[in-house]
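Some notes on the structure that comes next.
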Amino acid sequence: MSTYGHFRMLWIILVFTGINFYGQKSTAQTPLKTIIIKGMLVDSTTRSPIELATVAVTRPGHQLVQSTLTAADGSFLLKVPEGSKLTLHISYVGYRAYTSGVHPVAGLADMGLIRVSANSGVLNEVVVSGKKPVIQSKGDKLIYNAASDIGNRTGSAEDVLRKAPMISISADGEVRLRGNGNIKVLLNGLPSGILARNLKEAMKMIPASAIAAVEIMTSPSARYEAEGAAGVINIITKKKMEGTGGSIDLSAGNLEQTINGNLNMTRGKFSVNLNLEGSLEKSRTVTELNRDALAGGQVIGNLLQQTDETQRNRGGFAELSAEYRMDTSRKITGGVSYWKGSWPTVSQGYNLYMDKHGVNEYNQTGRQTGNVHFTEFSLNYQQKFRHPGQELQLISQYSFAGEKADYQTDQIYISGKHYFREHSPNTGSSKDLSLQADYAQPLDHKGDQLLEVGGRYSRNTSRSSYRVFNNRQTPGSEQLTEDPSRANVMSYFQEIAAAYVNLSLKAGRNWAFRLGTRYEHTSLGSDFQQYQPAFRSRFNNLVSSILLNKKVTDMHDLKLSFTERIRRPWIWDLNPYINAGDPRNITSGNPELKPEINRMLELAHHYTAASGFSLHSGIYFQSNSNAIESLRTVDSFSVSRTMPQNIAANKRLGANIFTDLMFSKSWTFSAGADICQVWYRSRTMQLSNDAALYSVNINSSWELPKDITLQFSGDYGNGYVTLQGRTSANYSYRFAVQKEFPDKKAGVTVSINNPFQNNFLQRTSATAPSFNSNTSSWYYNRSFSVSFNWKFGTVRASGEENEKETGEKTMRRKR
């Protein structure tokens, strides 16, 4: 299909998702009779407004009619179809629930000033009107409320991300946003050294039960780091509770076992939180590779390789954090966290290589080990000022890590004679320092016009030492000698200095604008103990972001955005260390890589009906002229060498749609789909590749009597594409059932993943002038688990969110 054809197809999809919008306008000529319900919510003691409280209107039988959240000044307004016996419900964590009948006069029900009092009871006394919807649209974010999904009682953050809009997880655990693996992942809005160091393994260390929500930002503001071409994913963990108490989550299964314990203690203005986590995970993959070596379009050699690989991940995490509130507008938080993980891998394989010189047949065993210990310290200060939205935040982080990795491979002839052995130890260490300041200044009394400025400085230093020993000089011998040409010590540094300015404006007729720009200066370099020359690189990036938002009606919202993002080469991309754990498939880094620059234009539409039904759709175009791609070459002996290079340009034209609806009070359903056309071009290599990609996910839950809930979720993607090849489909599905005990403080969840298949097959093909390969991989992913969660102690909901408005204004009045 031509580019024009794909554009037309995607435009039709966007128009189709907007049928509700235009249908709404067409029916406006014969409108239904509606009434307006409005009011203002305040603290009964301080008379200060309460923001983000849930306001809902129901009919008899608890049938939801419409819902909304209170604004910064505590006000709310709902337009609902006219009817009898309407009831207004208002709830906010930490406050007593409010219920009142609605009695409109001339189409208006003015509830006036509603005063609610703080609830000083324990957790099970706090009344909440209902769960948050699974998917929400708020500003430039699409939010997946993981805490509303009972399937997240077991598993890890990787399992949670599988269910979030626009996010997919490849068979080998790589996180992708709209099919692009170049993303920035934050933890509670802040960079995390653990996530930056090894995202795949860190995702397995965060229990699913600890995650409250996942925010997806494809067009983040200039306040966020420019790193991450596809956008930003922010993982939000569950809020701390006040008082003394905690929780324990235990999960056991055939492939994974986890434990998560949390303890909170609060005394006056001081609170302490301790979190302990541990996990064990096993994975197995069987692979068959068939690769032809080519010369002048003719086959000059063929490699058949069969491998059975098992990996066992072990990890532990501990975090101690403390918070001191000097008053209701100022607080200091600090913490220390420690993570230790290991992922040993053992493999057995068969190799058959044939060319004009004869046949080479042998078995191969391999062992790879990797472990890391990581420590991070943080100290943050936050101050809120007189005007709504005026805030200063200072953030500091320091971390250090040590890691070891090595591999050993043995080749054994079919006769049983040992022929070749190679061993390579690799040790490394790193230190990271980051300092960040953010300040927000409202330009009017309401806070509708907001100016944000800030800056960030970070420095990373690391050292990597690697050596290689083998018996190449004396085949068959047990004695290994060092290969000095493959030994080195690499010292690396990276410094980033950044500053940004962001302006948010609200205009008449429900228009809103956000204009931002961010400047980042990067200096990086590396020194080598021998052979390779030292290198230095400096580059400056000025990236911009623009967001236009139009609230057409109470139900329809339109957004148009333009965003620039960058991707710097990571240290493992730059490190020239040669990994020959499989001598037929060698990988190495490239110290000459340059950063990428991505530009994206996006149009999105969000629709919310009075029934609670919501629909989010969008269309986007993304372009990158200097993409980093892993380039593979194969020599005449069918040895593959893979190294990243700046050799490609890629473009994406895509559309997405997500919906969340409630079939009944007890049955909820959400689903999403992404489709895009991807083009890769490399003039240097005279290569090109393109494909149409799509992915879908669904999630549904049913609440049954006696506090029993059933849940099903599944995801499917038809693969992904690279400059030199593509993969076939990837899919998974999950069932879960939860039983909560009457006091709601404990529960048991049983879940099973992929019950109808022991493994699934994924095929990968790649081609270039020097080779043609086809790989079949069987992933053994059928699993089951049982989890138990228990909350103990006398804790109550944290009043931190309430103090965003009530606490600040109380203090000001006392002055």
Side-chain angles (χ1 to χ4, degrees), residues 43 45-46 48-53 72 92-95 118-120 123 126 186-192 210 212-213 215 223-224 234-246 262-275 319-337 376-399 434-442 447 450 452-456 793 795-815:
D43 184 285
T45 303
T46 67
S48 300
I50 300 176
E51 182 185 2
L52 300 178
Y92 191 69
V93 175
Y95 282 82
N119 191 338
S120 59
L123 182 66
V126 177
L186 305 177
L187 189 62
N188 294 317
L190 299 176
S192 168
E215 297 179 341
R223 186 174 187 268
Y224 295 93
N234 182 25
I235 299 174
I236 301 175
T237 56
K238 293 179 179 177
K239 299 296 182 183
K240 300 172 185 176
M241 309 298 287
E242 292 184 352
T244 300
N262 184 273
L263 179 63
N264 308 279
M265 293 178 288
T266 301
R267 291 292 183 273
K269 297 181 178 182
F270 190 74
S271 62
V272 178
N273 177 263
L274 176 64
N275 189 34
E319 180 182 34
L320 178 65
S321 61
E323 178 179 283
Y324 176 70
R325 293 178 175 274
M326 292 170 279
D327 51 44
T328 54
S329 67
R330 296 180 297 167
K331 69 176 180 179
I332 297 177
T333 59
V336 57
S337 58
E376 183 173 67
F377 300 90
S378 65
L379 182 63
N380 307 326
Y381 172 78
Q382 184 182 44
Q383 180 171 353
K384 299 178 183 295
F385 297 92
R386 178 171 302 178
H387 300 292
Q390 186 179 13
E391 182 179 333
L392 172 67
Q393 191 171 28
L394 304 176
I395 301 169
S396 62
Q397 292 175 307
Y398 174 75
S399 64
S434 68
L435 303 172
Q436 181 175 329
D438 300 291
Y439 177 72
Q441 173 65 51
L450 187 67
E452 297 174 286
V453 295
R456 187 173 190 271
V795 297
R796 57 187 174 86
S798 172
E800 177 181 346
E801 295 301 318
N802 300 344
E803 292 172 2
K804 288 183 178 180
E805 290 295 333
T806 58
E808 295 170 29
K809 297 185 179 180
T810 301
M811 179 191 67
R812 293 176 203 137
R813 289 195 174 101
K814 289 180 180 179
R815 289 175 183 169

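Contact record, Leu394 with Ala437: CD2-CB, 3.7 Å, taken as the closest heavy-atom pair. Across all their heavy atoms, Gln383 and Arg330 have their closest contact at CG-CG, 3.6 Å. Pairing each heavy atom of Gly389 with each of Ala440, the nearest pair is O-CB, 3.4 Å. Taking both residues in full, the closest heavy atoms of Lys331 and Met326 are given as N-CE, 4.2 Å, listed atom of the first, atom of the second, then distance.
To the nearest 0.5 angstrom, Ser378 atom OG is 14.0 Å from Tyr398 atom OH. With rounding to the nearest 0.5 angstrom, the CG atom of Leu379 is 10.5 Å from the CD atom of Gln397.
Residues Asn273 and Asn275 bring no donor and acceptor atom of their side chains to less than 3.5 Å of each other.
Put simply, the side chain of Thr266 never gets that close to the backbone of Ser271: no donor and acceptor are under 3.5 Å apart. Checked by atom type and distance alone, the side chain of Asn188 pairs as donor or acceptor with a backbone atom of Thr237 at under 3.5 Å.
Not counting sequence neighbours, the partners of Phe270 by the side chain to side chain contact (heavy atoms under 4.5 Å, CB included) test are Val272, Ala322, Tyr324. Taking Arg223 as the reference, Gln393 meet the side chain to side chain donor-acceptor pair (under 3.5 Å) condition, with sequence neighbours excluded. Residues passing the side chain to side chain contact (heavy atoms under 4.5 Å, CB included) test with Asn380 are Leu190, Thr333, Ile395, sequence neighbours excluded. For Glu391, the salt bridge (Lys or Arg N to Asp or Glu O under 4.0 Å) partners two or more places apart in sequence, or in a different chain, are Lys384. Judged as a salt bridge (Lys or Arg N to Asp or Glu O under 4.0 Å), and not counting sequence neighbours, Glu319 has no contacts. Not counting sequence neighbours, Glu376 has no partner by the side chain to side chain donor-acceptor pair (under 3.5 Å) test. Among residues two or more places apart in sequence or in another chain, the side chain to side chain donor-acceptor pair (under 3.5 Å) test is passed with Gln441 by Gln390, Tyr439.
When side chains are defined from C-beta on, Asp438 does not count as touching Glu452, because their heavy atoms never get closer than 4.5 Å.
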* Please walk me through it: do Tyr224 and Leu186 pass side chain to side chain contact (heavy atoms under 4.5 Å, CB included)? -> CA-CA 10 Å; Tyr224 295 93; Leu186 305 177; 3.7 Å; yes
